[in-house]
Amino acid sequence: MKKKLENILTGDRPTGPLHVGHYVGSLANRVKLQEKYNQFVMIADTQALTDHYENPKRVRESVFQVLADYLAVGIDPEKTTIFIQSEIPEISELALYFMNLVTWNRLKHNPTVKAEINLKKFESVPAGFMVYPISQAADITAFKARYVPVGDDQLPMLEQTQEIVKKFNRLYKKDVLVYPEAILSDYTRLPGTDGKEKMSKSLNNAIYLGEDENSVTKKIKKMYTDPNHLRVEDPGEVKGNPVFTYLDAFDPDKQTVNDLKEHYKKGGLGDSVVKKRLLDVMQNFLKPIREKRSKFIKNHDYLVDILKKGTEIARRQVQSTMREVKEAMFLDYF
Ligand code: TRP
């Protein structure tokens with residue numbers, strides 16, 4: 001008999017393959033959490049369309065890229081239910097009911113949405129984009145998720161979800177929706193190889209999980225370090241130095257990293273030596289992932305099968321929540 005575990009839900013927008021920042025910020029955590037929770041992972045294609053509506057083909061292709069990344073890092077479809085958001089129309093239905101519970105003013109003040117609007121340079125912001133936090137609240141509550149493992153950029157979404165849950169339960173019926181809380185991963189942000197806060201394809205500062213060996217080598221050789229560390233004998237700065245941030249995240253040998261840091265701070269340790277260490281660490285880490293990933297990508301039917309099975313399980317869960325929601329809202333006509 002399977003134990004009844006608590007539900008957790010998390011997801012990604014499929015807009016391209018995932019990179020090592022995703023691994024550190026969320027994927028590694030999911031691999032652990034699938035042992036202790038009933039974990040749902042949503043490939044949020046509907047949400048991806050809120051800012052990629054002009055490029056639906058890219059979203060469609062990315063669904064499979066993202067799934068291959070999940071499987072390659074060890075998210076196990078026997079333990080985690082992986083599914084496609086758009087294939088569960090009840091989530092959109094729930095989002096529509098939630099729209100009444102959130103004011104326009106509240107939406108305008110969501111810090112993550114504000115930051116994204118600035119970044120994306122919309123000529124004018126599509127309504128679908130403005131309301132995506134509401135749709136994300138529906139994602140979470142449709143699964144009665146008790147916990148949501150996310151990076152800190154998603155905390156404003158969770159806060160809005162909590163407000164909606166409180167309001168719904170107060171207005172319609174107590175205890176229909178589960179109040180969700182965040183599980184933050186220990187390590188939420190990995191900088192780009194250029195030291196910039198965000199990794200992105202256009203900046204060419206991300207290392208992808210499926211990236212080929214040569215290209216990884218090139219990116220690490222060009223990686224930013226301490227800009228004031230000009231000569232080997234100069235003392236160097238470790239804090240905020242991307243090479244050390246990556247070593248902290250990926251090098252299993254903490255003692256060696258500490259020794260390197262001490263040496264670097266004192267002076268006498270060249271950037272090329274530290275980079276060589278990082279290169280070895282990253283290639284070791286990425287090699288098995290790359291190999292698995294390329295096998296999965298070639299086996300398209302297998303990927304489709306996982307999504308189909310996962311989506312069926314996920315949809316049943318959502319339909320059961322929706323029966324309670326509709327009853328609470330006096331929408332259970334027949
Ligand atoms: N907004 C999340 C992101 O951009 C993706 C996402 C969609 C999500 N629905 C979710 C995350 C529900 C957690 C829970 O990464």
Side-chain angles (χ1 to χ4, degrees), residues 6-19 21-30 33-34 37-53 58-59 62-63 65-67 69-70 75 80-88 90-92 94-95 98 107 110-117 119-120 128-165 177-185 188-190 198-201 206 310-311 314 317-318 321:
E6 282 179 303
N7 287 356
I8 62 176
L9 174 119
T10 177
D12 296 290
R13 292 182 196 174
T15 57
L18 303 180
H19 50 60
H22 292 112
Y23 180 82
V24 169
S26 61
L27 303 179
N29 214 16
R30 293 178 196 173
L33 291 168
Q34 67 185 352
Y37 292 97
N38 185 25
Q39 176 165 258
F40 292 90
V41 173
M42 164 187 284
I43 304 186
D45 60 340
T46 309
Q47 189 178 111
L49 287 169
T50 64
D51 62 338
H52 286 75
Y53 54 88
R58 168 156 162 211
V59 172
S62 301
V63 167
Q65 299 289 325
V66 167
L67 176 59
D69 286 322
Y70 288 168
I75 296 180
T80 295
T81 305
I82 306 170
F83 67 98
I84 303 180
Q85 182 182 26
S86 66
E87 287 292 334
I88 307 189
E90 291 84 0
I91 297 176
S92 305
L94 184 58
F98 284 172
L107 282 172
N110 182 308
T112 301
V113 172
K114 275 204 316 210
E116 284 175 315
I117 288 174
L119 205 71
K120 289 182 203 300
F129 187 81
M130 275 316 281
V131 300
Y132 95 71
I134 301 180
S135 142
Q136 191 159 328
D139 299 343
I140 295 167
T141 51
F143 288 88
K144 295 191 178 259
R146 179 69 188 93
Y147 298 105
V148 184
V150 283
D152 52 6
D153 62 317
Q154 294 295 307
L155 287 178
M157 303 300 153
L158 207 71
E159 219 173 279
Q160 278 208 287
T161 307
Q162 291 167 337
E163 288 168 22
I164 290 171
V165 167
L177 300 182
V178 171
Y179 189 84
E181 270 158 300
I183 299 181
L184 285 175
S185 53
T188 48
R189 214 179 279 287
L190 198 67
K198 229 174 151 57
M199 284 192 207
S200 81
K201 190 167 178 197
T311 303
Q317 166 77 63
V318 172
T321 307

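All values reported here derive from a predicted model rather than from experimental measurement. Whatever order the structure lists them in is the order used to number ligands and atoms, beginning at 1.
- With sequence neighbours excluded, the residues satisfying side-chain hydrogen bond (donor to acceptor under 3.5 Å, both in side chains) with Gln85 are Asp139.
- Counting only residues at least two apart or in different chains, salt bridge (charged side-chain N to carboxylate O under 4.0 Å, His left out) contacts with residues 140-151 comprise Lys144-Glu324, Arg146-Glu181.
- Here Asp12 pairs with Arg30 under the salt bridge (Lys or Arg N to Asp or Glu O under 4.0 Å) rule; sequence neighbours left out.
- For the pair Tyr147/Leu33, no side-chain contact is recorded, criterion being any heavy-atom separation below 4.5 Å from C-beta on.
- Remark: side-chain polar atoms of Thr311 are paired, donor with acceptor, to backbone N or O of Ile84 under 3.5 angstrom.
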Pick out the protein N or O atoms lying less than 3.5 Å from any N or O of ligand 1, and list each pair with its distance.
{"unit_1": "ligand 1", "atom_1": "1 (N)", "unit_2": "Gln47", "atom_2": "OE1", "d": "2.8"}
{"unit_1": "ligand 1", "atom_1": "1 (N)", "unit_2": "Gln136", "atom_2": "OE1", "d": "2.9"}
{"unit_1": "ligand 1", "atom_1": "1 (N)", "unit_2": "Gln154", "atom_2": "OE1", "d": "3.0"}
{"unit_1": "ligand 1", "atom_1": "4 (O)", "unit_2": "Arg13", "atom_2": "NE", "d": "3.4"}
{"unit_1": "ligand 1", "atom_1": "9 (N)", "unit_2": "Asp139", "atom_2": "OD2", "d": "2.8"}

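- With a 4.5 Å cut-off on side-chain heavy atoms, Asp153 and Arg189 count as touching.
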